[in-house]
*Asks:* 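Here it is, the structure, as structure tokens.
We count ligands from 1, going down the list as the structure has it; atoms in each ligand are counted the same way. Keep in mind the model is a prediction, meaning the values are calculated, not measured.
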Amino acid sequence: MAKFYLTTAIDYVNSRPHLGTAYEKIAADVIARYKRLCGVETRFMMGNDEHSQNVYAKARELGVEPLAFCDEMETVFREVWGRLDISFDDFIRTTEPRHRAGVTALVSRLIESGDVYEGFYEGWYCVSCEAFKQEKDLVDGACPVHQRPPQWIREKNHFFRLSSYRQRLLDHYAAHPEALEPEIRRNEILRLLEAGLEDISMSRTGQAWGIPVPSDPDSVVYVWMDALINYASGVGYGTDEALFDTWWPADLHVIGKDITRFHCVVWPAMLMSAGIPLPRQVFGHGWVHWQGQKMSKSLGTVVDPLEAAERLGPDPLRLYLAKEIAFGQDGDFTWDRFEDRYNVDLANNFGNLVSRIAAMADRYRQGRLVAPALPAGPLAETAARAVADYRQAMDRFALHQGVAAAFRIVDAANEYITSVEPWVVARDPDRAAELDRHLFDVSEAVRTAAVLLAPVMPRSCTEVLERIGAPAAAGALRLDRDGVWQAPPGAERRLVKAPPLWPRLTPSAREEKATPSARMEKVAPSARKEQTAMNEAATTEAQQPNPERARISIDEFARVELRVGRVVAADAVPKSRKLLRLDVEDGAGVRQIIAGLAKSHQPEALVGRRVVFIANLKPARLAGLESNGMVLAASGADGAPVLLTVDLPDQVPPGSEIS
Ligand code: MSP
């Protein structure tokens, strides 16, 4: 059976995990779950980096023993990872005996190979990076990453002959370009290697917090060398040869782009020196940004991942991070965007699809769907293509593209319902088999999408599979078997109608849920006042009688912002014969529009349709509901409204301006 050993960076424990560090663990977890979905025997290891000076200082500040502090922090980290459903197989701490044994064994090999010598180090050291800095690395005298001045250090050190590995490293990346992804990170490292390497200090003197250098018990191993060895000690290096032989070399180290130099220069050189094979690949992902800069504890720009998971659930958070951030690039997190995407992707798209098919199965077939003996519909082909694209993307760790491929099935199924109009087919008993085909195919599309999304949203996909009558725990799925269209004649499934999986967030629910940090992010009060004044002025003007009503100037017309939207959900407004409530995707998010269309349009038939709406209309309340904009409709022959839609909808994405 194929094997896959993957790791993440191990975290410093001087503070709790934040959304940036959690992003890495979620991305790695998606990869681990994908590998398991492919039937690959997977070992996924994470852990804590405890021998940092900051950790020591934090413990001292709290008046506790460093190890006792690390024990407490382990509980904190495990709790967060548990809440985010991170499915690691092993969790290593650098204070564990197995790690100490691994470090001692590996550093001894470096010494034996003649690559370690004694010297004197004098220079800058950034404690937050735990890295030696050259003058040229500093910006205004401070570490550019942590924006803090480094310390000046003068001490006797052991040095590692990193410089002598320059050519071998260049040769390695020439022979194995895939060993460092994405390409932009590889190019950075190649430039660095081409510029030449200096030997590095590999020990610190006068510190007891760390693992002693085997040849000099008065020094401890430099925390980065100590930490890097976790990848080997975690699979038995120095303690369990058989385990090490089973899992080494690692297939993938998932790390942040700020620490590629350690992983792609120092670590492979250490392994070369010790005569150990190199990991197959390092993937340097981008940063999660908060208000334009790296989310970082030392910069005070962090979001608590638990707060995000509690707000909408761990799966929506996992989906946001996997789908909205191109893996390898930086991406933003804002509460508004997180909630917008939740509404668009989950409440109005995937969740709505699950509810629609369950409701139709219930209404037309008492919840029991049977595949008819008719040729497969077009969704089968769409799903097959999406599965192939998904596989291709996920194999390259293009997680965002993999998720997008899965969502193509969801989109196609929603559009399919709109185009085949099952509610019309249901009226004709002669078309019963056709209706069976439509309903079964939609349920099958939902099943396939849930299989593909299971690595990203394991809990919700298990629930979706149950609701559509194809139960399977996310971990029991296999892509080869379960990613194949399964609708042979006579196949049967029983669907369950249940409350929405992801209830839509209304503007007022969003405001209520808003945390202090989210509120801060919203429009500043002064700006809001200005906006209100502008709206009021606009209304007052609009209420003036227009002496030239029949003709307006182009400037007047230009004030009306007409846009194309896509209806993502529609329902009747209680106690109103005229009104429908629409959720309209407008390019930036989803807005609620109350439209007087009920007389001539069924809500279900509107979902997926492109509409034209006035985007800059002042919000109004209709039947107690807030309407943000107005959908355009013509007055039909009998005075009933006829919706204006868009020709060639595929060419006009939601948000397109009409001018
Ligand atoms: N302890 C070292 C890693 C040693 S690995 C042998 C370390 N720890 S850390 O806690 O500072 O960072 C852990 C991981 O989180 C790193 O890969 C780092 O790049 C990543 N991230 C920290 N902030 C991040 C963001 N804002 N966004 C994405 N990843 C971020 O470095």
Side-chain angles (χ1 to χ4, degrees), residues 6-29 45-56 58 70 73 76-77 80-81 86 91-95 99 102-103 106 126-131 143 145-146 185 210-211 221-234 250 252-268 270-271 279 282-305 308 320-322 324-334 399:
L6 87 151
T7 65
T8 63
I10 52 173
D11 293 355
Y12 292 132
V13 295
N14 46 310
S15 49
R16 299 171 55 80
H18 60 72
L19 197 64
T21 48
Y23 166 63
E24 175 178 282
K25 313 307 179 279
I26 289 174
D29 186 61
M45 189 178 75
M46 304 182 2
N48 284 349
D49 189 353
E50 301 179 329
H51 287 137
S52 145
Q53 287 179 55
N54 273 338
V55 173
Y56 182 83
K58 183 78 190 182
C70 292
M73 290 311 280
V76 171
F77 274 74
V80 175
W81 304 147
I86 310 293
F91 193 87
I92 190 163
R93 294 177 48 184
T94 53
T95 49
H99 178 67
V103 171
L106 204 141
C126 170
V127 181
S128 295
C129 294
E130 288 285 10
C143 160
V145 181
H146 296 97
R185 305 276 93 86
I211 299 176
V221 175
Y222 168 44
V223 63
W224 261 104
M225 283 208 164
D226 168 339
L228 288 162
I229 296 172
N230 91 85
Y231 302 130
S233 63
L252 179 67
H253 293 322
V254 176
I255 54 146
K257 66 177 184 181
D258 48 332
I259 56 175
T260 42
R261 193 174 68 83
F262 289 108
H263 284 80
C264 304
V265 177
V266 178
W267 179 225
M270 287 166 67
L271 291 168
V282 172
F283 194 103
H285 62 75
W287 286 340
V288 178
H289 281 180
W290 171 257
Q291 295 174 344
Q293 55 179 337
K294 182 190 181 209
M295 200 174 277
S296 149
K297 183 71 195 176
S298 48
L299 300 179
T301 51
V302 293
V303 168
D304 180 351
Y320 178 89
L321 295 172
E324 298 305 309
I325 302 180
F327 195 49
Q329 291 172 29
D330 296 343
D332 274 323
F333 178 88
T334 69
L399 310 183

*Asks:* So, Phe333 versus Tyr23, ring centres under 6.0 angstrom or not?
*Replies:* no

*Asks:* With heavy-atom distances below 4.5 Å as the criterion, would you say the side chains of Asn230 and Met45 are in contact?
*Replies:* yes

*Asks:* Within a radius of less than 6.0 Å around OH of Tyr12, do more than 12 heavy atoms belonging to other residues, nucleotides or ligands occur?
*Replies:* yes

*Asks:* For His146, which residues count as a side chain to side chain contact (heavy atoms under 4.5 Å, CB included) partner, sequence neighbours excluded?
*Replies:* Cys126, Ser128, Cys129, Cys143, Ser298

*Asks:* Among all residues two or more places apart in sequence or in another chain, which pass the ring-ring contact (aromatic ring centres under 6.0 Å, His included) test with His51?
*Replies:* Trp209

*Asks:* Pairs under 3.5 Å, N/O atoms on ligand 1 and on the protein: can you put them in a table with the distances?
*Replies:*
unit_1: ligand 1; atom_1: 1 (N); unit_2: Ile10; atom_2: O; d: 2.8
unit_1: ligand 1; atom_1: 1 (N); unit_2: Asp49; atom_2: OD2; d: 2.7
unit_1: ligand 1; atom_1: 10 (O); unit_2: Tyr12; atom_2: N; d: 3.1
unit_1: ligand 1; atom_1: 17 (O); unit_2: Glu24; atom_2: OE1; d: 2.5
unit_1: ligand 1; atom_1: 17 (O); unit_2: Gly256; atom_2: N; d: 2.9
unit_1: ligand 1; atom_1: 19 (O); unit_2: Asp258; atom_2: OD1; d: 2.6
unit_1: ligand 1; atom_1: 26 (N); unit_2: Val288; atom_2: O; d: 3.2
unit_1: ligand 1; atom_1: 26 (N); unit_2: Met295; atom_2: N; d: 3.4
unit_1: ligand 1; atom_1: 26 (N); unit_2: Met295; atom_2: O; d: 2.7
unit_1: ligand 1; atom_1: 27 (N); unit_2: Val288; atom_2: N; d: 2.8
unit_1: ligand 1; atom_1: 29 (N); unit_2: Gly20; atom_2: O; d: 3.2

*Asks:* Only counting residues at least two apart or in another chain, list the ones meeting side chain to side chain contact (heavy atoms under 4.5 Å, CB included) with Gln293.
*Replies:* Gln147, Leu299, Thr301

